[in-house]
*Asks:* 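The structure under discussion is supplied below as structure tokens; questions concerning it will follow.
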Number of protein chains: 2
Amino acid sequence: MNDILKTQFRKIIDITDDEFDYILSHFSYKKFKKHQFLVQDGQNVDFDYFVLSGCVKSYYSDENGKIHILLFGVQDWWITDYEAYYYQKKAIVNIDCLEDTEVLCLSNDNREKLCSEFHQIESFFRKKTNRRNVALQNRILSLLSSSAKERYEKFLQEYPMLVQKLPKHILASYLGVTRETLSRLYATK
Amino acid sequence: MNDILKTQFRKIIDITDDEFDYILSHFSYKKFKKHQFLVQDGQNVDFDYFVLSGCVKSYYSDENGKIHILLFGVQDWWITDYEAYYYQKKAIVNIDCLEDTEVLCLSNDNREKLCSEFHQIESFFRKKTNRRNVALQNRILSLLSSSAKERYEKFLQEYPMLVQKLPKHILASYLGVTRETLSRLYATK
DNA sequence: AATAAAGTGTGATGTACGTCAATTTATTTT
DNA sequence: AAAATAAATTGACGTACATCACACTTTATT
């Protein structure tokens, strides 16, 4: 199971098995049940989570109680409230499980410790964050320039497996439309 | 003028003047006139740009020729088409000058060279990218959960100096509305 | 200074998408 | 298997914002 993480590291940097084991010793393993929270609005955020199995969603609850999905986390993805995690603030998002989920948890202190001990690890996180950046930018682009329908079709193309497993109203919220609108989108198609 | 960059580095990491001079030797200085392009759609992206003075905009032109502003770059900001820059792709955005602009240019090769030579520099870029990440995420949140008016008011609050100098139709495009709508927003207020 | 070009504001009208409400269909829970 | 809960669909209607058209003003260009 931990091979998932090792494999991800090795896509970006070279590390020996021993080095990986040392790195891994800085993570803790946790198992969550569907509906449990990894991160809760208003609380401290102790960890960045690397998803081993299952599926979580990160969402923001606005003043009207409306929910806006920021991200999903599935196998091989990292997820947390980064602003709260990096800068020791209170979380503004919630992250909870759409199904039973296993994760590896990395505290910010351990992250910094690893980064300062291993130049390679720092390089790994830098490059990972670079990628996330590009993905976020593209999401902004698509929110600015595409209609709900276009965004839906793009998502369908990019993450067909996710569309399968996600409740539609959750997907709708990620796309930035209501569930009613999403329902009408694929009715029309 | 180069102190702007030095100061930015020293907000995040410790470096000596000599180290900084060595780092700086990996940048090239360029001056652009209003309306000149730093990055053009379809072309290679050779540099990440650190803005010393002036103002640039990064935008995407959609199939209908409509323009969507991704980011502005003013003093102390880094800007480029990161997907193209990091991964040697063709640019999908344009970056041009809203006024005469001076920049320091860093090639991806030099960036990687510096990162591998100085652990500290790698740390600098990692932490910078972390911040950008948080900013991008918040923009997504605001596009998902706020009305045009709320976004306008937030921008006004956050970047009052930018609102001054930006043409309104450009600001409108950043906010994700038409210039007509923006015009009506502050008429109503 | 004259002419062109770019930027801004305002009205009339259109449309994508939201809201509310009722019904149907799945999925959990006991 | 029954009861409870959550998810998805459909219709009627509302609204935030877009589009188009035109007038006006400010900023470039010769």
Side-chain angles (χ1 to χ4, degrees), chain A residues 32-36 54-55 57 59-69 72 94 96-101 142-156 162-189, chain B residues 32-37 54-55 57 59 61-69 72 94 96-101 142-156 162-189:
Chain A
F32 292 90
K33 292 241 165 263
K34 183 166 177 176
H35 295 130
Q36 278 194 295
C55 183
K57 65 175 193 285
Y59 63 96
Y60 171 73
S61 258
D62 69 21
E63 331 73 68
N64 313 314
K66 246 183 91 178
I67 271 174
H68 306 277
I69 308 265
F72 299 109
N94 293 282
D96 70 2
C97 299
L98 288 161
E99 27 182 277
D100 293 1
T101 296
S142 108
L143 285 171
L144 284 176
S145 69
S146 309
S147 67
K149 186 164 195 169
E150 288 166 329
R151 273 175 280 151
Y152 168 65
E153 274 157 13
K154 196 171 159 202
F155 191 89
L156 202 62
L162 258 180
V163 176
Q164 303 280 312
K165 81 159 99 184
L166 292 174
K168 310 262 153 104
H169 70 282
I170 298 284
L171 173 56
S173 166
Y174 177 87
L175 294 171
V177 294
T178 58
R179 65 207 152 80
E180 292 93 333
T181 297
L182 178 61
S183 172
R184 285 171 183 125
L185 282 184
Y186 49 73
T188 316
K189 208 176 85 166
Chain B
F32 292 90
K33 291 240 165 266
K34 185 168 176 172
H35 295 131
Q36 278 193 295
F37 286 85
C55 184
K57 65 173 193 283
Y59 64 95
S61 260
D62 70 21
E63 328 75 66
N64 313 315
K66 244 184 92 177
I67 272 174
H68 306 277
I69 309 267
F72 299 108
N94 294 281
D96 71 1
C97 299
L98 289 161
E99 28 182 275
D100 293 1
T101 297
S142 108
L143 285 171
L144 284 177
S145 69
S146 309
S147 67
K149 186 164 197 170
E150 289 166 329
R151 273 175 280 152
Y152 168 65
E153 275 157 14
K154 195 170 158 201
F155 191 89
L156 200 63
L162 257 180
V163 177
Q164 304 280 311
K165 79 160 101 185
L166 292 175
K168 310 263 152 103
H169 70 282
I170 299 283
L171 173 55
S173 166
Y174 176 88
L175 294 172
V177 295
T178 58
R179 67 203 158 80
E180 292 94 333
T181 297
L182 178 61
S183 171
R184 285 171 184 125
L185 283 184
Y186 48 73
T188 316
K189 209 177 85 164

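These numbers were taken from a predicted model, which means no experiment stands behind them. A, B, ... follow the sequence lines: proteins, then strands. Residue 1 opens every chain.
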*Asks:* For A:Leu166 and B:Lys34, take the nucleotide of DNA chain D holding the closest heavy atom to each; which residue's nucleotide lies nearer the 5' end?
*Replies:* A:Leu166
*Asks:* Could you check whether any side-chain N or O of A:Ser173 sits under 3.5 Å from a backbone N or O of A:Ile67, counting only pairs where one atom can act as donor and the other as acceptor?
*Replies:* yes
*Asks:* Quick one: is A:Ser183 getting a side-chain N or O under 4.0 Å of the D:dT9 phosphate, OP1 or OP2?
*Replies:* yes
*Asks:* Just how large is the angle between the end axes of the helix from C:dA1-D:dT30 to C:dT30-D:dA1, five pairs per end, to 10 degrees?
*Replies:* 60°
*Asks:* Rounded off to whole Å, could you give me the CG-to-P distance for the B:Leu175 and D:dA16 pair?
*Replies:* 17 Å
*Asks:* Please tell me which of B:Lys66 and A:Ile170 maps to the more 5' nucleotide of DNA chain D, matching each residue to the nucleotide holding its nearest heavy atom.
*Replies:* A:Ile170
*Asks:* Can you measure A:Lys165 atom NZ to D:dA7 atom C1' for me and round it to whole angstrom units?
*Replies:* 18 Å
*Asks:* Between C:dC17, D:dT19, D:dA8, which nucleotide has the shortest distance from any of its atoms to the side chain of B:Thr178?
*Replies:* D:dT19
*Asks:* So, OP1 or OP2 of C:dC17: does either fall under 4.0 Å of a side-chain N or O from A:Lys149?
*Replies:* no
*Asks:* Out of C:dA12, C:dT28, C:dT19, which has the shortest distance to the side chain of B:Arg184?
*Replies:* C:dA12
*Asks:* Using modelled atom types and a 3.5 Å cut-off, is there a donor and acceptor pairing between side-chain atoms of B:Glu153 and backbone atoms of B:Glu150?
*Replies:* no
*Asks:* Could you tell me if the side chain of A:Leu162 sits less than 4.5 Å from the side chain of A:Tyr174, heavy atoms only?
*Replies:* no
*Asks:* Between A:Asn64 and A:Lys66, is there a donor-acceptor pair closer than 3.5 Å when you use the side chain of the first and the backbone of the second?
*Replies:* no
*Asks:* How close or far is atom P of C:dT15 from atom CG of A:Leu185, stated in whole angstroms?
*Replies:* 17 Å
*Asks:* From C-beta outward on A:Glu180, which listed nucleotide comes closest to its side chain: C:dC17, C:dC20, D:dC20?
*Replies:* C:dC20
*Asks:* In this structure, how many angstroms lie between the C1' atom of D:dA7 and the NZ atom of A:Lys168, rounded?
*Replies:* 10 Å
*Asks:* Whole-Å distance between C:dC20 C1' and A:Asn64 CG?
*Replies:* 15 Å
*Asks:* Could you tell me the separation between the CD atom of B:Glu99 and the C1' atom of D:dT27, rounded to a whole number of Å?
*Replies:* 15 Å
*Asks:* Whole Å only: how far is the CG atom of A:Leu182 from the C1' atom of D:dA8?
*Replies:* 10 Å
*Asks:* Given side chains that start at C-beta, do those of B:Ile170 and B:Tyr59 come closer than 4.5 Å, heavy atoms only?
*Replies:* no
*Asks:* Cation-pi check, B:Lys165 to B:Phe72: give yes when NZ or CZ is under 6.0 Å from the six-membered ring centre and within 45° of the ring axis, no otherwise.
*Replies:* no
*Asks:* Mapping A:Arg179 and A:Arg151 onto DNA chain C by nearest heavy atom, which one lands closer to the 5' end?
*Replies:* A:Arg151
*Asks:* Can you measure A:Tyr152 atom OH to D:dA8 atom P for me and round it to whole angstrom units?
*Replies:* 12 Å
*Asks:* The side chain of A:Tyr186 lies closest to which of these nucleotides: D:dA8, D:dA28, C:dT8?
*Replies:* D:dA8
*Asks:* D:dA6 phosphate, OP1 or OP2: any side-chain N/O from A:His169 under 4.0 angstrom?
*Replies:* no
*Asks:* Can you tell which of C:dT10, D:dA7, C:dC17 lies closest to the side chain of A:Pro167?
*Replies:* D:dA7
*Asks:* Check this for me, if you would: do B:Asp100 and B:Lys33 make a salt bridge, where the nitrogen-to-carboxylate-oxygen distance has to be below 4.0 angstrom?
*Replies:* yes
*Asks:* Out of C:dG18, C:dC20, D:dA18, which has the shortest distance to the side chain of A:Val177?
*Replies:* C:dG18
*Asks:* With respect to the side chain of B:Thr181, which nucleotide from D:dA18, D:dA28, C:dC17 is positioned closest?
*Replies:* D:dA18
*Asks:* Quick check for you: to the nearest 0.5 Å, what is the distance between A:Ser147 atom OG and A:Leu185 atom CG?
*Replies:* 8.0 Å
